[in-house]
2 protein chains.
Amino acid sequence: MKRPRIYNNPENCPVLHTAHILGSKWNPVILYCLMNGNVRFGKFTVLIPTISRKVLSEQLKELEHHGLIIRKVYREKPPRVEYSLSPKGLSIIPVIDAMCAWGRGDMENPASLSVYPKQEISDH
Amino acid sequence: MKRPRIYNNPENCPVLHTAHILGSKWNPVILYCLMNGNVRFGKFTVLIPTISRKVLSEQLKELEHHGLIIRKVYREKPPRVEYSLSPKGLSIIPVIDAMCAWGRGDMENPASLSVYPKQEISDH
DNA sequence: CGGGATCCATTTGGATACTG
DNA sequence: CAGTATCCAAATGGATCCCG
């Protein structure tokens with residue numbers, strides 16, 4: 001059976017739509033962190049040590065902007081900010097789970113080691 | 001139940017791993033195109049009119065490099081090149097399907113219309 | 001603590017022209 | 001047809017300093 005070729009129009013392509021909202025490569029892992037519960041800004045920098053504070057801040061704003069996460073400020077001293085998944089963010093968990101499952105399998109699969117073949121297919 | 005915090009180490013984080021292999025926002029939709037069968041280079045530019053030939057070429061090479069797609073050259077005239085999913089590419093279909101399903105739901109859901117609240121984007 | 005503002009190097013990506 | 005090569009503008013991302 002043939003799937004509709006709605007990716008003809010990026011505005012109407014659900015895959016492109018999701019990819020756009022999931023955005024950069026960091027957003028899935030940020031959502032992944034939040035699947036365990038609320039996370040503070042500083043905690044992210046510990047959980048994902050390879051992301052800079054600037055990029056983290058940008059990605060968090062983007063996710064909040066798209067309605068996937070909720071930012072809650074506690075006016076204490078020192079100030080505390082907690083991020084959590086919104087209902088919409090919760091709804092995207094199956095996507096993150098699918099990514100997690102595939103990634104786990106791929107990292108364990110020895111076949112992945114033969115991933116870099118000689119791309120010499122032509123005789124040129 | 002607490003999930004292991006393996007995202008402490010990006011090398012061992014399956015979500016980050018998948019995000020890295022899925023790469024740019026174009027790769028999921030490229031794989032999506034291939035779920036219907038083989039696709040030629042020029043066909044991609046029709047299916048995804050908003051991607052440039054240069055970027056398309058780069059993404060295809062990246063996907064082939066990661067072993068998700070297979071590039072087959074038919075020495076005819078005019079030359080013909082067909083891309084298809086490898087077994088590894090086939091194995092990632094559930095991820096694409098999850099993205100597709102969520103994206104379809106999100107595009108239909110009126111709640112998505114209230115996605116852009118107060119927050120002003122000052123940067124660009 | 002949780003950022004924002006700024007500076008700057010690197011990367012990305014579009015446009016165009018060219019090739020086998 | 002299926003790309004590659006080149007140029008160049010724009011976006012990205014790290015480092016650093018500052019602030020409430």
Side-chain angles (χ1 to χ4, degrees), chain A residues 10 16 19-30 33-34 37-66 68-84 118-124, chain B residues 10 16 19-30 33-34 37-66 69-84 117-124:
Chain A
L16 208 46
H20 180 253
I21 287 187
L22 236 35
S24 80
K25 65 173 178 179
W26 294 115
N27 289 3
V29 90
I30 287 174
C33 291
L34 291 170
N38 297 8
V39 175
R40 298 172 61 170
F41 184 88
K43 189 68 175 297
F44 279 115
T45 67
V46 176
L47 295 176
I48 318 172
T50 47
I51 192 175
S52 71
R53 296 168 69 84
K54 179 192 175 186
V55 172
L56 172 62
S57 174
E58 290 168 350
Q59 299 307 301
L60 287 172
K61 272 197 285 191
E62 186 182 315
L63 286 171
E64 184 194 9
H65 185 247
H66 282 115
L68 294 182
I69 67 174
I70 296 170
R71 178 177 182 269
K72 185 160 188 182
V73 181
Y74 297 88
R75 303 215 161 272
E76 310 167 350
K77 51 177 185 176
R80 178 161 62 104
V81 177
E82 286 195 349
Y83 293 89
S84 59
K118 31 282 152 196
Q119 40 195 18
E120 297 288 344
I121 292 184
S122 66
D123 50 354
H124 187 297
Chain B
L16 208 46
H20 181 253
I21 288 187
L22 237 34
S24 82
K25 64 173 179 180
W26 295 115
N27 289 2
V29 93
I30 288 175
C33 292
L34 290 171
N38 297 8
V39 176
R40 299 172 60 170
F41 185 88
K43 188 69 175 300
F44 279 115
T45 67
V46 176
L47 295 175
I48 317 171
T50 48
I51 194 174
S52 69
R53 296 169 68 85
K54 178 192 175 186
V55 172
L56 172 62
S57 173
E58 290 167 348
Q59 300 306 301
L60 287 172
K61 272 196 283 190
E62 185 181 316
L63 287 170
E64 185 195 7
H65 184 249
H66 281 115
I69 66 175
I70 296 171
R71 178 176 182 269
K72 185 160 188 182
V73 182
Y74 298 87
R75 302 213 160 272
E76 309 167 346
K77 51 179 187 174
R80 178 162 63 103
V81 176
E82 284 195 350
Y83 293 89
S84 59
K118 63 280 169 180
Q119 191 91 346
E120 283 283 17
I121 319 173
S122 52
D123 280 336
H124 42 262

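Quick note on labels: first sequence line is chain A, next is B, and so on, each numbered from 1.
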Atom [atom1] of [X] and atom [atom2] of [Y]: how far apart are they, to the nearest 0.5 Å?
X: I30(B); Y: W26(B); atom1: CD1; atom2: CH2; value: 8.5 Å
X: L56(A); Y: L47(A); atom1: CG; atom2: CG; value: 10.0 Å
X: Q59(B); Y: K61(B); atom1: CD; atom2: NZ; value: 11.0 Å
X: L68(A); Y: E62(A); atom1: CG; atom2: CD; value: 9.5 Å

In this structure, how many angstroms lie between the [atom2] atom of [N] and the [atom1] atom of [X], rounded?
X: K77(B); N: dT19(C); atom1: NZ; atom2: C1'; value: 17 Å
X: K61(A); N: dG13(D); atom1: NZ; atom2: C1'; value: 15 Å
X: E62(B); N: dG3(D); atom1: CD; atom2: C1'; value: 18 Å
X: R80(B); N: dG3(D); atom1: CZ; atom2: P; value: 13 Å
X: N38(B); N: dA2(D); atom1: CG; atom2: P; value: 13 Å
X: L56(B); N: dA2(D); atom1: CG; atom2: P; value: 10 Å

Subject >> Nearest to side-chain heavy atoms of R71(A), which nucleotide of dG2(C), dA2(D), dG20(D) >> reply: dG2(C)

**OP:** Select one nucleotide: of dA2(D), dG20(D), dC1(D), the one nearest the side-chain heavy atoms of F41(B).
**Re:** dA2(D)

Give a yes/no answer on whether the side chain of [X] brings an N or O atom under 4.0 Å of OP1 or OP2 in [N].
X: R40(A); N: dG2(C); answer: yes
X: S57(B); N: dA2(D); answer: no
X: K43(B); N: dC1(D); answer: no

Subject >> Sequence-aligned protein contact record of nucleotides 10-15 of chain C, with B where the base is within under 4.0 Å of a protein heavy atom and S where only the sugar-phosphate is >> reply: ---BBB

**OP:** Have a look at R75(A) and say if it touches a base, only the backbone sugar-phosphate, or nothing, with a 4.0 Å heavy-atom cut-off.
**Re:** nothing

**OP:** Just call it for Y83(A): base, sugar-phosphate, or nothing, with non-hydrogen atoms closer than 4.0 Å on any strand.
**Re:** sugar-phosphate

Original post:
Looking only at N and O atoms, is any donor in the side chain of R53(A) or the base of dG2(C) less than 3.5 Å from an acceptor on the other one?
Top reply: yes

**OP:** Say whether, by atom type as modelled, one donor and one acceptor occur between the side chain of H20(A) and the main chain of L16(A) under 3.5 angstrom.
**Re:** no

**OP:** Please list, chain by chain and in numerical order, all residues satisfying side-chain hydrogen bond (donor to acceptor under 3.5 Å, both in side chains) with E82(A), sequence neighbours excluded.
**Re:** N38(A), R80(A)

Original post:
How would you list, by chain and number, every residue that makes a side chain to side chain contact (heavy atoms under 4.5 Å, CB included) with R53(B), sequence neighbours excluded?
Top reply: F41(B), T45(B)

